[in-house]
Every structure is written in C-alpha cells, then in structure tokens.
Amino acid sequence: TLNLILDYAVRLNYIIENPLKKVKTPKLDKHKVDALTKGEVITFINEIEKLPIRQRVIYFLLLTTGIRRGECYGLQWGDIDTDNWLMRIERNVTYTTENGINVGLPKTNTGIREVPLTEGMITLLKEYKAEENNLIPLKDNMFLFHSAESNYVPQDPTYITKHMKKLMKRINLPDMSPHDLRHTCASILLQSGAD
C-alpha cells in the first residue's frame, strides 16, 4: 500500500523518487496446502451423497474436476458436452458487497479450457438437467447454478462456501473452503500417478 501511495506521489511530482524501490521485500513463508486425506474424502462423499441434487452436483464438480468455485458458478448448460464427457470453462463468477454478482473471464489466461468429466459426473449432470428441465425448458445460455430470480443470472458463489463451512463442522472434518476441494482433487490425481 505504501509503495502505491509513493508511486502516486511521484506521478504528481510531490517527490522525485519512490524510496521503496530500493527496499528488498522479504519472502513470505509458503503455507501448507489444505487438502482432505483419503479417509476424509470418503467421509465427505458419503455425506454429500445425502444432499439435494444441486448441492451434490456442485460438490462433485469441485472435487472431481478441480475447477475453481467461481468457474463452477459460471457454467452454463451449453458448456456441458455429455457425449464427449467434457465441460468448457469460459466464465468466472465473483461476488462483492459493492458490486454484487459479476460474471467475467476465468482467473488466468489459460483459464478458458476444456475439462474432462467422469462417467459418474455425467450421470449426475444428466439427472440434474432432467430435474431442472421439469421446472423450465433449459437453454444453452442458462446457468447450471442460477439465482432464485432468473436462470440467466448465476447464484451468489459465496453460498457454497457458507454451506461447506457448516457441513464440515457438522461431520467433524477440518474447516475447509470449496477452494480446498481443488487442492484435494490435485492431491488425489498426484497420488494416482498423474503429472
């Protein structure tokens, strides 16, 4: 913050040079990545199997694909290719109190991508789609996880974070967030011999 302030002072000609440009900043210690153990994954899966289908789909997508929470909430029905067991990531949904729900691009330049789906995930998505289609005929540009007001507006992605915090506490698993399911997916893949 101080560096930004001093850069601004240089641009306004209040000072000639930002003295912080000569200061070497210390490296922060890397923290241990939070991921569920194999036993905790089994407990977690047993519990999410009991949830309503919408929540099951969200949790299984996060756990089996490693996508980010915002990417999950950015999924539209046209992004799901059940014939080829793929989904396309093209959007990221964020929420701030100042701006509300915002639909933008994925976090990184390589964020637009195709992600493979498991056979079980395809089955669950088809079941969820059939249930949703009974409520309203679905179109490709409708969100899988939509707001209560409209299928064309994504749900607030902070919902699943709050839900997961309560769920983890109830089933006596470590306090984790949906992003930790991304780490768990990566850990499972590495343990299975993936690069």
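As the structure is a computational prediction, the values presented were derived from the model and not from experiment.
Between I58 and L144, every side-chain heavy-atom pair lies at or beyond the 4.5 Å cut-off. The side-chain heavy atoms of M164 and R69, taken from C-beta on, include no pair separated by under 4.5 Å. With a 4.5 Å cut-off on side-chain heavy atoms, F44 and L181 count as touching. Using a 4.5 Å heavy-atom cutoff, the side chains of D34 and P174 are not in contact. Using a 4.5 Å heavy-atom cutoff, the side chains of Q76 and M142 are not in contact. Inter-residue side-chain proximity for L117 and T82 is flagged as unmet; no heavy-atom pair is nearer than 4.5 Å. Between K166 and R170, the closest side-chain pair of non-hydrogen atoms is not below 4.5 Å. Inter-residue side-chain proximity for V41 and T37 is flagged as unmet; no heavy-atom pair is nearer than 4.5 Å.
When all heavy atoms are compared, the tightest approach of M176 to L36 is SD-CD2, 3.6 Å. Heavy atoms only, all atoms of each residue included: V57 and M121 are closest at O-CE, 3.9 Å. Here the closest non-hydrogen pair linking C185 and T65 is SG-C, 3.7 Å. Heavy-atom minimum distance, Y73 versus P154: O-CB, 3.6 Å. Residues I160 and P178 come closest through the heavy atom pair CG2-CG, 3.7 Å. Scanning all heavy atoms of the two residues, the minimum distance from L61 to C72 falls at CD1-SG, 4.1 Å.
At least one donor-acceptor pair under 3.5 Å links the side chain of N133 to the backbone N or O of L138. A donor-acceptor pair is defined here as one N or O able to donate and one able to accept, closer than 3.5 Å; no such pair exists between the side chain of S192 and the backbone of A194. Checking side-chain atoms of R182 against main-chain N and O of G66 turns up a donor-acceptor pair under 3.5 Å.
Salt bridge absent: R113 and E90 never bring a charged side-chain N and a carboxylate O closer than 4.0 Å. A salt bridge links D175 with K165: the distance from a Lys NZ or Arg NE/NH1/NH2 to an Asp or Glu carboxylate oxygen falls below 4.0 Å. A salt bridge does not link K107 with E71: every distance from a Lys NZ or Arg NE/NH1/NH2 to an Asp or Glu carboxylate oxygen is 4.0 Å or more.
Counting non-hydrogen atoms of neighbouring residues, nucleotides and ligands closer than 6.0 angstrom, the CD atom of E49 exceeds 12 such neighbours. By the 6.0 Å contact criterion, CG on N109 is open, its count of non-hydrogen atoms from other residues, nucleotides or ligands being 12 or less. Crowding of I16 atom CD1: a count of heavy atoms from other residues, nucleotides or ligands under 6.0 Å not exceeding 12.
Hydrophobic clustering of Ile, Leu, Val, Met, Phe, Trp and Tyr side chains at less than 4.5 Å, counting indirect connections, keeps Y59 apart from L189. Under the 4.5 Å side-chain heavy-atom criterion for grouping Ile, Leu, Val, Met, Phe, Trp and Tyr, I15 is connected to L2 within one hydrophobic cluster. Placement of I122 and L86 in two distinct hydrophobic clusters is found when ILVMFWY residues are connected by side-chain heavy-atom separations under 4.5 Å, directly or transitively. A continuous path of ILVMFWY side-chain contacts below 4.5 Å connects V23 to L6, so both sit in one hydrophobic cluster. Under the 4.5 Å side-chain heavy-atom criterion for Ile, Leu, Val, Met, Phe, Trp and Tyr, I171 and I42 are members of distinct hydrophobic clusters.
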**Prompt:** Given T43 and L173, is the side-chain contact (heavy atoms from CB on, under 4.5 Å) satisfied, shown in steps?
**Reply:** CA-CA 8 Å; T43 300; L173 286 180; 4.2 Å; yes
**Asked** What do the steps show when you test K21 against N18 for side-chain contact (heavy atoms from CB on, under 4.5 Å), and what is the final call?
**Response** CA-CA 6 Å; K21 295 293 181 195; N18 179 347; 3.8 Å; yes
**Message:** Is there a side-chain contact (heavy atoms from CB on, under 4.5 Å) between T118 and W85? Walk through the geometry before answering.
**Reply:** CA-CA 7 Å; T118 64; W85 296 13; over 6 Å; no
**Message:** Set out, in order, the CA-CA distance, both residues' side-chain angles and the distance that settles side-chain contact (heavy atoms from CB on, under 4.5 Å) for L63 and I45, then state yes or no.
**Reply:** CA-CA 9 Å; L63 183 62; I45 288 172; 3.9 Å; yes
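Distance check, rounded to the nearest 0.5 Å: CG of N3 to OH of Y8 gives 15.5 Å. Taking CG of L62 as the reference point, atom OG1 of T64 lies at 8.5 Å (rounded to 0.5 Å). One finds the CD1 atom of I136 at 4.5 Å from the CG atom of N151 (value rounded to the nearest 0.5 Å). To the nearest 0.5 Å, atoms NE2 (H146) and CD (Q155) are separated by 8.5 Å. The OG atom of S147 lies 6.5 Å from the CD1 atom of I101; values are rounded to the nearest 0.5 Å. Atom CZ of R56 sits about 11.5 Å away from atom CG of L125, to the nearest 0.5 Å.
Using cut-offs of 30° and 60° for the angle between ring planes, the H163 and Y159 rings count as tilted. Taking the six-membered ring for Trp and thresholds of 30 and 60 degrees, Y128 and F145 have nearly parallel ring planes, at less than 30 degrees apart.
In this structure, I112 belongs to a hydrophobic cluster whose other members, linked by side-chain heavy atoms under 4.5 Å apart, are L105.
Residue pairs meeting the ring-ring contact (aromatic ring centres under 6.0 Å, His included) criterion with at least one partner in residues 91-113, sequence neighbours excluded, are absent.
Remark: the N84 side chain and the D81 side chain contain an N/O donor-acceptor pair separated by less than 3.5 Å.
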